[in-house]
Amino acid sequence: MQIDKEKLLEWLDVEIDLSQGNDPVLKADRWAFRQVKKEVESGRLDVVTADGEQS
């Protein structure tokens, strides 16, 4: 399965926005989505792009 890096980052932004609130579950979700986004952006988490290249 191939994942487009830009689409993944867009999806993470949407999930971060949707997890706004003070509920502990929402806070945990938001934290987790932010951590994944940081890893993808930094290149520490390999993502295969739609053209098959690793980025």
Side-chain angles (χ1 to χ4, degrees):
M1 181 174 153
Q2 295 178 340
I3 299 172
D4 182 276
K5 183 177 180 179
E6 293 307 313
K7 294 289 184 187
L8 175 59
L9 290 172
E10 287 175 21
W11 176 78
L12 287 166
D13 284 336
V14 169
E15 291 297 331
I16 290 167
D17 288 344
L18 291 174
S19 62
Q20 297 300 316
N22 292 324
D23 185 272
V25 173
L26 291 175
K27 286 182 177 181
D29 285 350
R30 188 170 54 249
W31 179 87
F33 289 129
R34 285 180 176 156
Q35 297 308 307
V36 172
K37 184 177 178 183
K38 285 180 192 176
E39 294 298 311
V40 171
E41 289 175 329
S42 72
R44 290 186 296 256
L45 180 65
D46 290 334
V47 176
V48 177
T49 60
D51 61 5
E53 294 293 320
Q54 228 177 5
S55 60

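In this text, all values refer to a predicted model and were calculated from it rather than measured experimentally. For this chain, numbers begin at 1 and follow the sequence in order.
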* Asked: Do Leu12 and Trp31 share a hydrophobic cluster (ILVMFWY, side-chain heavy atoms under 4.5 Å, transitive)?
  -> no

* **Nearest-0.5 Å distance that lies between atom CD in Glu15 and atom CG in Leu8** => 10.5 Å

* Going from CD on Gln20 to NZ on Lys27, what distance comes out if it is rounded to the nearest 0.5 angstrom? -> 11.5 Å

* Structure fact -> Between the CG atom in Asp17 and the CZ atom in Arg30, the distance rounded to the nearest 0.5 Å is 10.0 Å

* To do: Report whether Val40 and Trp11 are members of the same hydrophobic cluster (ILVMFWY, side-chain heavy atoms less than 4.5 Å apart, transitive linking).
  => yes

* Find the distance between CG (Leu26) and CZ (Phe33) and round it off to the nearest 0.5 Å. => 10.0 Å

